[in-house]
Amino acid sequence: MKKKKVDKFVATIMVGIGIIFSIYALFTDEINKIIDKDPIVVEADHQLVFPSSKYPETAEHIKEAIANGESRICTIDRDGAEENRKLSLKGIPTKKGFDRDEWPMAMCEEGGEGADIKYISPSDNRGAGSWVGNQLEDFPNGTRVEIIVK
């Protein structure tokens with residue numbers, strides 16, 4: 001009689017442990033998904049200090065987007081830029097006198113659908129885009145660049 005109670009107790013404990021491990025595995029997968037998107041976890045190959053005094057609207061947008069969870073890392077993917085731009089701007093109407101600025105940029109693997117979009121002046125946006133393009137022109141696709149706004 002005692003053996004049956006012990007066996008039942010052990011079986012209950014084993015089921016409980018199984019449930020705990022299942023819950024742990026479920027949450028671990030969710031946590032890993034979050035961590036994989038966390039820009040702090042991704043190691044960069046290079047850092048690029050963005051000149052906020054030269055392009056203040058773009059700088060402010062980058063800071064806001066990163067604060068809202070967008071990546072500070074740009075993995076260069078020039079071949080995907082056109083598709084990323086198409087996906088990120090889908091459903092965002094044009095506005096006379098403004099450009100639709102994207103963060104992450106279209107040339108970044110992290111860009112595309114779900115990118116943060118903000119209306120800013122064309123001169124700031126295009127000047128910033130040209131500046132970044134010039135800074136990164138010697139880096140091959142796949143290079144991870146951390147963008148730091150000062």
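Residue numbers start at 1 and run along the sequence shown.
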> Are any of the side-chain nitrogens in Arg144 or Glu43 under 4.0 Å away from the carboxylate oxygens of its partner?
no
> So with a 6.0 Å cut-off around CD of Glu137, is the heavy-atom count from everything else above 12?
yes
> Counting only N and O atoms by type, is there a donor-acceptor contact under 3.5 Å from the side chain of Trp103 to the main-chain atoms of Gly111?
no
> Which residue, Asp99, Asp124, Asn125, forms the side chain to side chain donor-acceptor pair (under 3.5 Å) with Thr58?
Asp124
> Does Glu64, at its CD atom, have more than 12 non-hydrogen atoms belonging to other residues, nucleotides or ligands within less than 6.0 Å?
yes
> Just wondering, do Met107 and Ile76 contact through their side chains at under 4.5 Å, heavy atoms?
yes
> Could you tell me the separation between the CG atom of Asn68 and the NZ atom of Lys63, rounded to the nearest 0.5 Å?
13.5 Å
> Check the orientation of Tyr55 and Trp131. Use parallel for under 30°, tilted for 30 to 60°, and perpendicular for over 60°.
tilted
> Side chain to side chain contact (heavy atoms under 4.5 Å, CB included) for Val145 and Phe139? Distances and angles first, verdict last.
CA-CA 9 Å; Val145 181; Phe139 296 143; 4.2 Å; yes
> Can you name the closest pair of heavy atoms from Pro104 and Cys108 and give their distance?
CB-CB, 4.3 Å
> Going by side-chain hydrogen bond (donor to acceptor under 3.5 Å, both in side chains), name the residues that satisfy it together with Asp77, two or more places apart in sequence or in a different chain.
none
> Closest approach of Ile73 and Ala44, non-hydrogen atoms and distance?
CD1-CB, 3.8 Å
> NE2 of His46 to CG of Asp138: how many Å apart, nearest 0.5 Å?
10.0 Å
> Kindly give the heavy-atom pair with the smallest separation between Ala115 and Ser88, and that separation in Å.
CB-CB, 3.7 Å
> Val49 and Lys150: which non-hydrogen atoms are nearest, and at how many Å?
CG1-CG, 3.4 Å
> For Lys118, is there any backbone N or O sitting under 3.5 Å from a side-chain donor or acceptor partner on Arg100?
no
> Report yes if the side chains of Ile148 and Arg72 come closer than 4.5 Å at any heavy-atom pair, otherwise no.
no
> Is there a path of hydrophobic side-chain contacts, each under 4.5 Å between heavy atoms of I, L, V, M, F, W or Y residues, that connects Phe98 with Leu89?
yes
> Shared ILVMFWY cluster between Val132 and Ile117, side chains joined below 4.5 angstrom?
no
> Give, for atom OG1 of Thr143 and atom CG of Leu136, the distance between the pair rounded to the nearest 0.5 Å.
8.5 Å
> Does Leu48 form a side chain to side chain contact (heavy atoms under 4.5 Å, CB included) with Glu146? I'd like the steps, not just the answer.
CA-CA 6 Å; Leu48 178 63; Glu146 179 182 13; over 6 Å; no
> Indicate yes or no: at least one non-hydrogen side-chain atom of Glu102 is less than 4.5 angstrom from one of Asp116.
no
> Would you say the side-chain atoms of Glu110 and Thr75 include a donor-acceptor pair closer than 3.5 Å?
yes
> I'd like to know if the side chain of Glu57 reaches the main chain of Ser121, judged simply by a donor and an acceptor atom lying under 3.5 Å from each other, with no hydrogens or angles considered.
yes
> Which heavy-atom pair separates Glu113 from Leu87 by the least distance, and what is that distance?
N-CB, 3.6 Å
> Do Phe50 and Ile62 come within less than 4.5 Å of each other through their side chains, counting heavy atoms only?
yes
> According to a 4.5 Å side-chain heavy-atom criterion applied to Ile, Leu, Val, Met, Phe, Trp and Tyr, with indirect links allowed, do Val149 and Met105 form part of one hydrophobic cluster?
yes
> Is a side-chain N or O of Ser130 found less than 3.5 angstrom from the main chain of Gly127, in a donor-acceptor match?
no
